[in-house]
Number of protein chains: 2
Amino acid sequence: MDILFVDRLLQIGDLFQRDMARAFAGTDLTPTRVHLLWVLQHSGPSTQQTLATLCEVTPRNITGLVDALERSGHVRRTPHPTDRRAVLVELTDDAKATMARMQEEHAELNASLLEAVAPEDRPALERGLTAVATHLERLVHAATNDTAPATPTTPPTPTAPDTPATP
Amino acid sequence: MDILFVDRLLQIGDLFQRDMARAFAGTDLTPTRVHLLWVLQHSGPSTQQTLATLCEVTPRNITGLVDALERSGHVRRTPHPTDRRAVLVELTDDAKATMARMQEEHAELNASLLEAVAPEDRPALERGLTAVATHLERLVHAATNDTAPATPTTPPTPTAPDTPATP
DNA sequence: TATTGTTATACTCTATAACTATA
DNA sequence: TATAGTTATAGAGTATAACAATA
């Protein structure tokens, strides 16, 4: 084998990010904003506090994202029926259609990726990835919560090193 | 199976990012800066133009990153021996040591992840991931270069949808 | 004239802290 | 008093465009 196992995983993560960035280029959408739309699609109309929790960002950040998505016509702020401090953020009909399409394409991507793998390798692949995810989750959790000695580290996208310099 | 194959891959990518963010929290380092250090470690002293190409960002961006890394003592700007317009950016001794340690830990992480997978599943896992990476690379390339009809899309971290809202 | 790096400007994502309006 | 959302401020990453010094 030529490439480290962990580097292959990092490479795949990187390719996903490129694919996303490319898909939204030229629109008002960004990966972060689409993430919020995605959350909204699954949670239904929600307060900004709820969205902040689900997206794991600060409420202040949600304000900005919702501002942008409201300007671009993807979401709407409506008054909360019982709490006059709060607002409900909800998808517009256009955005609902967009997200439904996106979810379909997501399923298609899933199918096309699976097809790229030899059928007899698929079970082991799924088992292996599950094991890796579990292991990683334990690592991150251990380091984050348990005030552990912070075992470093994963270098960001260490892909393609051996390119020569130009000095 | 409960979770989509593609979602498992996205989840793993997300966990890697969390691990990184956590590892550098509280230092002057960030994932982007470490990426630049990583590139420097493999390319050796390089001009900022070269770094811009290798990191796939604009030269202007490299100026800012090198400024920050120079302030924190990780890199040094030295005059280019033959071209007085250019500078060579190189790692300080401290940073060299840091990066060597990071590379070791990277190898250790690779080993610990492999150990988490049943030995009989490893060959299929590696074959499967290679196939997935190849497929993804073709998708991204096709869409990026060949002015293709831009097949969308991968939603960003669609993990954990079924959390109820708070309206 | 073309290239290297920088200044100038701007936008997105992110965070903390202080403030307003409501519970 | 506590909560929901906002304003104010700040820093990181990113980009384009204009400009300097040098090839």
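Note that these values count all heavy atoms, side chains included, but never hydrogens, waters or copies made by symmetry. By convention in this document, chain letters (A, B, ...) are assigned in the order of the sequence lines, proteins followed by strands, and residues within each chain are numbered from 1.
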Check against salt bridge (charged side-chain N to carboxylate O under 4.0 Å, His left out), A:Arg71 and A:Asp67: CA-CA 6 Å; A:Arg71 272 195 302 272; A:Asp67 283 351; 5.3 Å; no
List the steps, then state whether side chain to side chain contact (heavy atoms under 4.5 Å, CB included) holds for A:Glu105 with A:Arg101. CA-CA 6 Å; A:Glu105 283 153 1; A:Arg101 218 178 328 117; 4.1 Å; yes
Mind running side chain to side chain contact (heavy atoms under 4.5 Å, CB included) on B:His106 and A:Leu10 for me, showing each step along the way? CA-CA 12 Å; B:His106 185 60; A:Leu10 289 168; 4.0 Å; yes
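A:Arg138 is linked by a salt bridge (Lys or Arg N to Asp or Glu O under 4.0 Å) to nothing, counting only residues two or more places apart in sequence or in another chain.
Looking only at atom types and distance, the side chain of B:Asp28 has no donor-acceptor partner in the side chain of B:His74 under 3.5 Å away. Of the N and O atoms on the side chains of B:Thr47 and B:Thr50, at least one donor lies less than 3.5 Å from an acceptor on the other residue.
The list of side chain to side chain donor-acceptor pair (under 3.5 Å) pairs with a residue in residues 89-98 of chain A, not counting sequence neighbours, reads A:Arg76-A:Glu90. For the side chain to side chain donor-acceptor pair (under 3.5 Å) condition, the pairs that include at least one residue of residues 113-125 of chain A, sequence neighbours left out, are A:Asp121-B:Arg127.
Place B:Ile62 and A:Arg33 on DNA chain C by their nearest nucleotides, and B:Ile62 ends up nearer the 5' end.
Distance B:Arg71 CZ to D:dG11 C1': 11 Å, rounded to the nearest Å. Rounded to an integer number of Å, the gap from B:His35 NE2 to D:dA12 C1' is 17 Å. Protein atom CG of A:Leu54 is 13 Å distant from nucleotide atom P of D:dA4, rounded to whole Å.
The C1' atoms of five pairs define one axis at each end of the helix from C:dG5-D:dC19 to C:dA23-D:dT1, and these two axes lie 10° apart (to 10°).
In this structure, the separation between CG on B:Leu36 and CG on B:Leu69 is 5.5 Å, given to the nearest 0.5 Å.
Without hydrogens or angle criteria, A:Ser46 side chain to A:Gly44 main chain gives a donor-acceptor distance under 3.5 Å.
Distances shorter than 4.0 Å separate none of the side-chain N or O atoms of A:Thr47 from OP1 or OP2 on D:dA4. At D:dG5, none of the side-chain N or O atoms of A:Gln48 fall inside 4.0 Å of OP1 or OP2 (strictly under the cut-off).
Note that the first and last nucleotides of DNA chain C, 5' to 3', having any atom under 4.0 angstrom from a heavy atom of chain A are C:dT12 to C:dA23.
The shortest distance between side-chain heavy atoms of A:Trp38 and A:Leu54 does not fall below 4.5 Å.
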Can you build the contact string for nucleotides 14-23 of chain D? Use B for base contact, S for sugar-phosphate-only contact, and - for no protein heavy atom under 4.0 Å. BSB----BBS
